[in-house]
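Since the structure comes first, as structure tokens, the remarks are kept for the end.
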Protein chains: 2
Amino acid sequence: MSSGTRDRIVTEAMRLFGENGFAGTSIAQIEAAAGLTPGSGGLYRHFPSKEALLSTGIRERIESRNELLPSMSPSSDAPTEAVLLKVAQLGLQRLDDERDVNRILVRDLASAPELLGFIRDAEIRTNHQALVTLLRALGGPQLDAEALAAILIDAISHYWLLRDVFGGEHPLAVPQQRYLTTLVDMAAHLMGDKQ
Amino acid sequence: MSSGTRDRIVTEAMRLFGENGFAGTSIAQIEAAAGLTPGSGGLYRHFPSKEALLSTGIRERIESRNELLPSMSPSSDAPTEAVLLKVAQLGLQRLDDERDVNRILVRDLASAPELLGFIRDAEIRTNHQALVTLLRALGGPQLDAEALAAILIDAISHYWLLRDVFGGEHPLAVPQQRYLTTLVDMAAHLMGDKQ
DNA sequence: TCCATCAGTAAGTACTTACTTACGACGGTA
DNA sequence: TACCGTCGTAAGTAAGTACTTACTGATGGA
């Protein structure tokens with residue numbers, strides 16, 4: 001079965017791109033990691049170029065993932081703080097699960113407009129819209145849910161990113177629980193006020 | 001004078017590292033940009049290696065910069081929201097001014113522990129500590145100023161980073177003014193409550 | 001049994017990489 | 001004039017780059 005090799009190539013390529021960057025990963029490295037002979041162009045039986053491999057890897061990873069907020073409404077009788085804390089923890093989890101895609105996004109895609117557009121529409125705006133809907137259900141009509149949702153996403157994403165870049169610990173050394181609690185507290189205060 | 005050439009090398013190297021990444025920039029490119037003959041090893045009259053050049057560039061940029069919050073206390077009679085908004089705008093300005101260093105940090109330093117430590121101590125924690133001091137002066141003693149300062153820094157940094165990666169516009173398309181106003185509003189609400 | 005297709009390899013393409021060596025032009029000092 | 005260290009260049013090194021070409025063995029359908 002050839003699709004086994006193809007999938008191994010994609011998996012190992014995404015891991016290597018995430019660890020060493022796109023320019024820092026060679027075709028030979030990917031071949032070796034996928035069980036092919038490094039330097040033989042075996043990879044090109046499955047992909048026409050290094051760029052095409054990157055594009056395929058990113059699209060497959062993002063398309064094969066489920067909704068971040070599948071059905072948050074059933075537990076909407078819980079207090080706002082508890083709901084938001086759960087969402088924040090889910091977001092951090094998701095960032096961890098797609099570590100490689102997230103690293104590649106900030107490192108290597110600044111000059112790949114098609115991939116940027118795909119990620120923006122298929123992942124970033126989708127998650128944002130789901131959070132906006134949730135915030136509107138919990139807060140009053142005066143609330144700027146779009147801005148608040150963006151702030152929550154950005155704060156959590158950058159907390160994750162810095163922790164990742166600095167090898168496991170956020171450079172400001174604020175524990176995750178204190179960080180998330182304070183963030184959720186801020187949001188709840190704002191929402192309570194615009195009720 | 002040779003130090004002219006040396007400084008040109010550092011300047012152009014930091015620009016190219018920021019634009020194309022460390023692995024994506026060649027010694028020949030840097031030499032050409034600095035006015036040397038590309039491919040002649042003229043760069044090596046001034047730096048022993050590509051890594052040493054990167055290290056020197058980052059350290060010089062960070063050491064030669066002034067305080068982000070020089071003396072915010074004099075205008076402490078202004079309302080909290082106005083002070084925080086000014087600080088947020090200053091932060092965005094600083095991120096723009098040191099665009100190259102910021103890009104290099106998230107793209108290429110994950111496996112350069114000494115540089116990470118230097119940036120953390122000389123830049124990130126310094127700014128955080130200054131903001132913590134300001135927040136403590138404005139808010140009550142019950143406030144978790146360290147967590148709040150980290151959240152404000154992270155939100156603003158990620159807003160800047162995504163706007164940079166996506167070529168000028170934040171993928172969530174929230175205008176800067178609305179974003180900052182909402183962020184400052186959240187902080188002020190929390191601080192007012194813990195007064 | 002024949003035969004076409006597929007997946008992988010060996011070997012090589014032309015080119016780029018970081019870095020080195022030998023040398024000449026230069027300015028200051030003796 | 002003789003000398004010295006500095007700065008840049010020409011020309012190279014060995015290794016690595018993405019990708020190609022020609023081939024081999026296995027597979028599966030007619």
Side-chain angles (χ1 to χ4, degrees), chain A residues 1-60 100 104 107-112 114-115, chain B residues 1-60 100 104 107-112 114-115:
Chain A
M1 185 68 75
S2 76
S3 70
T5 301
R6 200 208 86 116
D7 291 354
R8 252 182 297 126
I9 290 175
V10 173
T11 301
E12 295 302 317
M14 291 299 284
R15 184 179 59 79
L16 288 167
F17 290 158
E19 283 174 9
N20 310 323
F22 181 75
T25 302
S26 72
I27 298 289
Q29 271 182 278
I30 301 170
E31 286 171 337
L36 303 187
T37 304
S40 76
L43 183 145
Y44 292 95
R45 298 284 149 190
H46 302 274
F47 299 94
S49 71
K50 199 182 171 187
E51 277 81 9
L53 170 57
L54 173 68
S55 176
T56 300
I58 288 181
R59 289 176 195 275
E60 286 188 0
D100 294 326
I104 294 168
R107 283 181 185 170
D108 294 305
L109 298 190
S111 46
E114 336 81 55
L115 282 176
Chain B
M1 184 69 73
S2 75
S3 71
T5 301
R6 200 209 85 115
D7 291 354
R8 254 181 295 125
I9 290 176
V10 173
T11 302
E12 296 302 317
M14 290 299 284
R15 185 179 58 79
L16 288 167
F17 290 158
E19 283 174 8
N20 310 323
F22 181 76
T25 302
S26 71
I27 298 288
Q29 270 181 279
I30 300 170
E31 285 171 338
L36 302 188
T37 304
S40 76
L43 183 145
Y44 292 95
R45 296 284 150 194
H46 303 273
F47 298 94
S49 72
K50 201 182 172 188
E51 277 81 9
L53 170 56
L54 172 67
S55 176
T56 300
I58 288 181
R59 288 175 196 275
E60 286 188 1
D100 294 326
I104 293 168
R107 283 181 185 170
D108 295 304
L109 298 190
S111 45
E114 335 81 54
L115 283 177

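Below, chain A is the first sequence line, B the second, and so on; all start at residue 1.
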Worksheet item: For A:A112, which residues count as a side-chain contact (heavy atoms from CB on, under 4.5 Å) partner, sequence neighbours excluded?
Response: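 For A:A112 the side-chain contact (heavy atoms from CB on, under 4.5 Å) partners, ignoring immediate neighbours, are A:L109, A:L115.
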Table of protein N/O atoms under 3.5 Å from nucleotides 25-29 of chain D N/O atoms:
none

Worksheet entry | Salt-bridge present (A:R8, A:E12; N to O < 4.0 Å) |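 So A:R8 does not pair with A:E12 through a salt bridge.
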Worksheet item: Which heavy-atom pair separates A:A13 from A:L53 by the least distance, and what is that distance?
Response: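 Looking at all heavy atoms of both residues, the shortest contact is CB-CD2, 3.7 Å.
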Item to complete: Locate the shortest heavy-atom distance separating B:A34 from B:I9; write the atom from each residue and the value.
Response: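 B:A34 and B:I9 have their closest heavy atoms at CB-CG1, 3.8 Å.
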Worksheet item: Where along residues 47-57 of chain A does a heavy atom come under 4.0 Å from DNA chain D, residue by residue in number order?
Response: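 By residue number: A:S49, A:K50.
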Worksheet item: What residues in residues 19-43 of chain B put a non-hydrogen atom under 4.0 Å from any atom of DNA chain D?
Response: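 Residues of residues 19-43 of chain B under 4.0 Å from DNA chain D: B:L36, B:T37, B:G39, B:S40, B:G41, B:G42.
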Fill in: salt bridge (charged side-chain N to carboxylate O under 4.0 Å, His left out) partners of B:R59, counting only residues at least two apart
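Checked B:R59 against salt bridge (charged side-chain N to carboxylate O under 4.0 Å, His left out); zero matches.
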Item to complete: Mind jotting down which residue pairs meet the salt bridge (Lys or Arg N to Asp or Glu O under 4.0 Å) criterion with at least one end in residues 37-57 of chain B? Sequence neighbours excluded, please.
Response: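 Residue pairs with at least one partner in residues 37-57 of chain B: there are none.
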Worksheet item: Taking it one step at a time, do A:H46 and A:T56 satisfy side-chain contact (heavy atoms from CB on, under 4.5 Å)?
Response: CA-CA 11 Å; A:H46 302 274; A:T56 300; over 6 Å; no
Discussion item. Strictly under 4.0 angstrom, non-hydrogen atoms only: write out the protein contact profile of nucleotides 23-28 of chain C, one letter per nucleotide from the 5' end, B, S or -.
Written reply: ------
Discussion item. Please determine whether a side-chain nitrogen or oxygen atom of B:T5 lies at a distance below 4.0 Å from atom OP1 or OP2 of D:dC7.
Written reply: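 No, no such contact exists.
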Discussion item. Looking at D:dG8, I'd like to know if its phosphate oxygens (OP1 or OP2) sit under 4.0 Å from a side-chain N or O belonging to B:H46.
Written reply: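 For D:dG8, OP1/OP2 do have a side-chain N/O of B:H46 under 4.0 Å.
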Worksheet item: Just wondering, do B:R107 and A:D108 contact through their side chains at under 4.5 Å, heavy atoms?
Response: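 Answer no - side chains too far apart.
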Identify each donor-acceptor pair in which a side-chain atom of residues 20-33 of chain A lies under 3.5 Å from a protein atom, sequence neighbours left out, and give them as a table.
| residue | atom | partner | partner atom | Å |
| --- | --- | --- | --- | --- |
| A:T25 | OG1 | A:L16 | O | 3.2 |
| A:T25 | OG1 | A:G21 | O | 2.7 |
| A:S26 | OG | A:Q29 | N | 3.1 |
| A:Q29 | OE1 | A:S26 | N | 3.1 |
| A:E31 | OE1 | A:G39 | N | 3.0 |
| A:E31 | OE2 | A:G42 | N | 3.2 |
| A:E31 | OE2 | A:L43 | N | 3.2 |

Worksheet item: Tell me: OH of A:Y44 to C1' of D:dT17, nearest whole Å?
Response: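 That distance rounds to 9 Å.
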